[in-house]
Amino acid sequence: MPKKKRTNYIWVDGEFIPQDQAQIDLLAPAPPGSMLLFEEIHCFETTTGPAVFRLEEHLDQFLEAIRSEGYPVCYSLSELRNTVHGTLSYNGVREGKIRPSLVMNPEESGAAPVWAVAAWAHPQSVELAPPSGVEGSAVVLNEGLPRGAALFIVEKGAIFTPPSERFGNQVLRDSVVTLAHDLGYPVVEGPITHEQLYSSEEAFISTAVADLKAVVEVDHQVIGDGKPGPVTRALQTALYETMRGRGRRSQEWLDWVWGSFVGM
């Protein structure tokens, strides 16, 4: 007999609701006339149990984005942290994606915004392994940067990056900059011209989905030798080891899911 598929539950305004009964789809674009604010957060399996990468920083970024839109915040960071832990445990997610969201419909006068948190396990087809080459760890940019991505280039052993956006990829960008300093690479923040990008020794981006990818081609021009360079690979490995609980910053940046849920 085939194994019955487990129902996924979404936390909505204080209670867990089966995903197929929820009035909102947190993975779909906001309905016409509505506005959706959300944050992408990831949970990773470690040798000592599941842990969320920089949870409080992500939640703080999420709440600041809500305030910037002029909406009141009715949950504290601590309450949302507890909700994320509960949502992960309720759904038995040991490694996957978490999406706290706020859904608003400005056309409905007096309607309160809907707060929601969802968690999904990574598909088994997703391979989160240490990068070893171009495949799975490199991208081609011929239509501009992905939304929310942060760009870095390498020249003569130094890393250069444009000023960060206020929201979006700020948490992971800060993680990359910090890990670069840990590895002894100077980081210079300032505008980057297309000419600098085309002639750079290496280029890479960090994105909101908690990864770091080499950029091997931009506008049909090959960057460096067309493969992830040594600085990019070193930072990819450092980020991976940190997320898996084995890095220098793991104790500082990982939020282990409550001990009572480790056996979920």
Legend entry - same_hphob_cluster(Val222, Val215) at 4.5 Å side-chain heavy-atom cutoff: no

Inset, instruction - State plainly whether one hydrophobic cluster holds both Tyr75 and Met35, where clusters connect Ile, Leu, Val, Met, Phe, Trp and Tyr through side-chain heavy atoms under 4.5 angstrom apart. - result: yes

Inset, instruction - List in chain and number order the residues that pass side chain to side chain contact (heavy atoms under 4.5 Å, CB included) with Glu195, two or more places apart in sequence or in another chain; answer none if no residue qualifies. - result: Thr193

Inset, instruction - Go through Thr87 and Ile98 one step at a time and tell me if the side chain to side chain contact (heavy atoms under 4.5 Å, CB included) criterion holds. - result: CA-CA 9 Å; Thr87 304; Ile98 308 139; 6.0 Å; no

Legend entry - Side-chain touch Ile159/Leu235, heavy atoms, less than 4.5 angstrom: yes

Inset, instruction - Not counting sequence neighbours, which residues clear salt bridge (Lys or Arg N to Asp or Glu O under 4.0 Å) with Glu45? List them please. - result: Arg94

Legend entry - ring-ring contact (aromatic ring centres under 6.0 Å, His included) partners of Tyr9, counting only residues at least two apart: Tyr90

Legend entry - Non-hydrogen side-chain atoms of Phe152 and Val231 separated by less than 4.5 Å: no

Inset, instruction - Given side chain to side chain contact (heavy atoms under 4.5 Å, CB included), test Phe44 with Leu254 step by step and report yes or no. - result: CA-CA 9 Å; Phe44 297 93; Leu254 292 183; 5.5 Å; no

Inset, instruction - Would you mind reporting whether Thr207 and Glu40 have side-chain heavy atoms less than 4.5 Å apart? - result: no

Inset, instruction - Start with the C-alpha distance between Glu202 and Arg233, add both sets of side-chain angles, then the distance that settles salt bridge (Lys or Arg N to Asp or Glu O under 4.0 Å), and finish with yes or no. - result: CA-CA 10 Å; Glu202 301 178 43; Arg233 293 197 303 271; over 6 Å; no

Inset, instruction - With sequence neighbours left out, write down each residue that passes salt bridge (Lys or Arg N to Asp or Glu O under 4.0 Å) with Glu155, or none if nothing qualifies. - result: none

Legend entry - Geometric class of the Phe53/Trp253 ring pair [parallel <30°, tilted 30-60°, perpendicular >60°]: perpendicular

Legend entry - Residues forming a side chain to side chain contact (heavy atoms under 4.5 Å, CB included) with Asp182, sequence neighbours excluded: Thr178, Leu179, Arg248, Arg249

Legend entry - Partners passing salt bridge (Lys or Arg N to Asp or Glu O under 4.0 Å) against Glu57 (at least two apart in sequence or in another chain): Arg54

Legend entry - Whether His194 and Tyr198 hold their rings parallel, tilted or perpendicular, with breakpoints at 30° and 60°: tilted

